[in-house]
Amino acid sequence: MLLTTATNRALALPEIVFEILACLEAQAELCPQQIQASLRACSLVSRTWFFDANIFLYRAPFIRNGRGSENKVNALVRTLTTTNRGLYVRSLSRCKLELWEMFPSLDRLFEPCPRLSSISLCFRSGEQGHLMEPFETEAFRTLDSTIAQGMAHIQELDLTSVSINSIDKDDTTYADAALNCISACTRLHKLVTTRADWSNIRTISKHLTDLSISFLAPPDLKTSVALAPSLVNLTSLHLHHAPQAIPAHDFSRVLAQYCRSLTMLDICPETITTQALETMVLHNPGLVSIYLRNCPDVYTAAVLKHPPQNLEFFDMGTVDSQLILMALAVCPRLTSTGKSSPRNNNTVEFWQSFLEKARQIQELHVERWSDFHSKDLFFNTVLPKLGPQLVRIWFGWRDLLGCDELQQVLTSCDRLQVLRAPVKGNGQNLVRCFKLVEARSRLREVRLFGDNVKFCDDDKRRMQRFLPVLCSFST
């Protein structure tokens, strides 16, 4: 009884409650819907829990796109503007709000939440890709004082869901109006977009460190020369290519001459040439992560001509087996080769050579068993050798893990912290697999998915009783 009383008193202290909720919120990016539901439940515990939980509950509302989502967004704004909960949001210096429905006027959002730091501007489209209802573009073009002040605090802006249908007149008008918001983002650190008003990007590029563009209309050479010097502070660069778009080689070639601080690079062959890639890697020796998407072998060879000594993640795709071995040999800190797989010489001898050089590997992506020559080779040779040093392991959706195979993965990987795998079998048997490693488990994230698996809510609860990690299951 004394212990129960002491616990109740402790759980009534704002400092302890705040720490509990902070730990809960830290997992929000992994499973936003579950965390939002949990925070909502926490706000109903007591008066102390209500005030603290509301701070986290309204810090990053998550509204799934679908039937009724517009009503939920309107209800959120109505709640913020008509109740004292808006005071909690107003006091936050960093606030993330992810919207899947666009407001006709942003002032309805910024008035109760003047210090938003991250926002996604998305449009509502019908089956044909056009707007479901007319959009008042003046809400963006005029940029009244409330909207301008709100956008001035934005540090992360995501425009990827803004219309990309250039044929539809309404869509083009909508996109042009939304892009006009960029000019007001004077403190922007991260920009993710598919369309770009290059003059606006140059205006706000002073603080920009993270740029992600899926090119539809890349800048010409003249515009690139004028823009590139403004992007010298970039630390993360993602250059992707939309279908049927013009290659962006001019932009990347000029940019490679100016960038000196990159730590993350994500590119595809339509956005950069091998010569520009080699220059970019040479000028950025601090690169930690490189992701080559569907690139020929010459791109991997270009990176390895001047291998970054701090490189930890290098996804080469499907390449010559000797390039994979070379990457392990010349990059001493390489902890993950991503989804890299040998296009040729996928033999037992190759994997033995791989295991000899992979002493620092801590992350493994298993897209399909054929990437490892065979399923037997993976479980009998690769897993026993790499298992004790693995921290993260991802399995693709093509090959399902049975209960025995899942158990072998868990027992072989003593240091495993993150597991994502497709599974098959009975939910109770899957729970039993995790029960076996309960005493020595370091898992902090578990994602299971699969078809026709009997994994009910009771199974989830049983698993979470002895496995204190975020566990999600989807079909």
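When a residue number appears, it is its place in the shown sequence, counting from 1. All values reported here derive from a predicted model rather than from experimental measurement.
A salt bridge links Glu278 to Lys305: at least one charged side-chain nitrogen sits closer than 4.0 Å to a carboxylate oxygen.
Considering only heavy atoms from C-beta on, Leu221 comes within 4.5 Å of Val254 through its side chain.
In this structure a side-chain-to-backbone donor-acceptor pair under 3.5 Å is present from Asn344 to Ser321. In this structure, the side chain of His249 engages the main chain of Pro269 through a donor-acceptor pair within 3.5 Å. Side-chain N or O atoms of Thr235 include one that pairs as donor or acceptor with a backbone N or O of Thr209 at under 3.5 Å. Looking only at distances, no side-chain donor or acceptor of Gln389 sits under 3.5 Å from a matching main-chain atom of Gly387. Side-chain atoms of Thr337 never come within 3.5 Å of backbone atoms of Ser340 as a donor-acceptor pair (strictly under, hydrogens ignored). Judged by distance alone, the side chain of Asp399 and the main-chain N or O of Trp369 form a donor-acceptor pair under 3.5 Å. Judged by distance alone, with hydrogens and angles left aside, the side-chain atoms of Asn284 form a donor-acceptor pair with the main-chain N or O of Ser261 at under 3.5 Å.
If you check the side chains of Thr335 and Gln362, you find no donor sitting under 3.5 Å from an acceptor. Between His153 and Gln155, the side chains place no donor N or O within less than 3.5 Å of an acceptor N or O (distance only, hydrogens not considered). Side-chain contact, Asp220 with Thr223: a donor N or O sits under 3.5 Å from an acceptor N or O.
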*Given side-chain hydrogen bond (donor to acceptor under 3.5 Å, both in side chains), test Arg187 with His207 step by step and report yes or no.*
CA-CA 6 Å; Arg187 302 180 185 179; His207 300 285; over 6 Å; no
*Working for side-chain hydrogen bond (donor to acceptor under 3.5 Å, both in side chains), residues Asp371 and Asn346*: CA-CA 7 Å; Asp371 291 343; Asn346 187 2; 5.7 Å; no
*Could you go step by step and tell me if His365 and Glu367 meet the side-chain hydrogen bond (donor to acceptor under 3.5 Å, both in side chains) rule?*
CA-CA 6 Å; His365 292 252; Glu367 281 297 297; 5.3 Å; no
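Of all heavy-atom pairs spanning Val366 and Phe378, the tightest one is CG2-CE1, 3.7 Å. Taking every heavy atom of both residues into account, Val409 and Phe395 meet most closely at CG2-CZ, 3.9 Å.
Applying the 6.0 Å contact sphere to CZ of Arg359 captures no more than 12 heavy atoms from other residues, nucleotides or ligands.
A cation-pi arrangement is found for Arg293 relative to Tyr291, the charged atom lying closer than 6.0 Å to the ring centre and inside a 45° cone about the ring normal.
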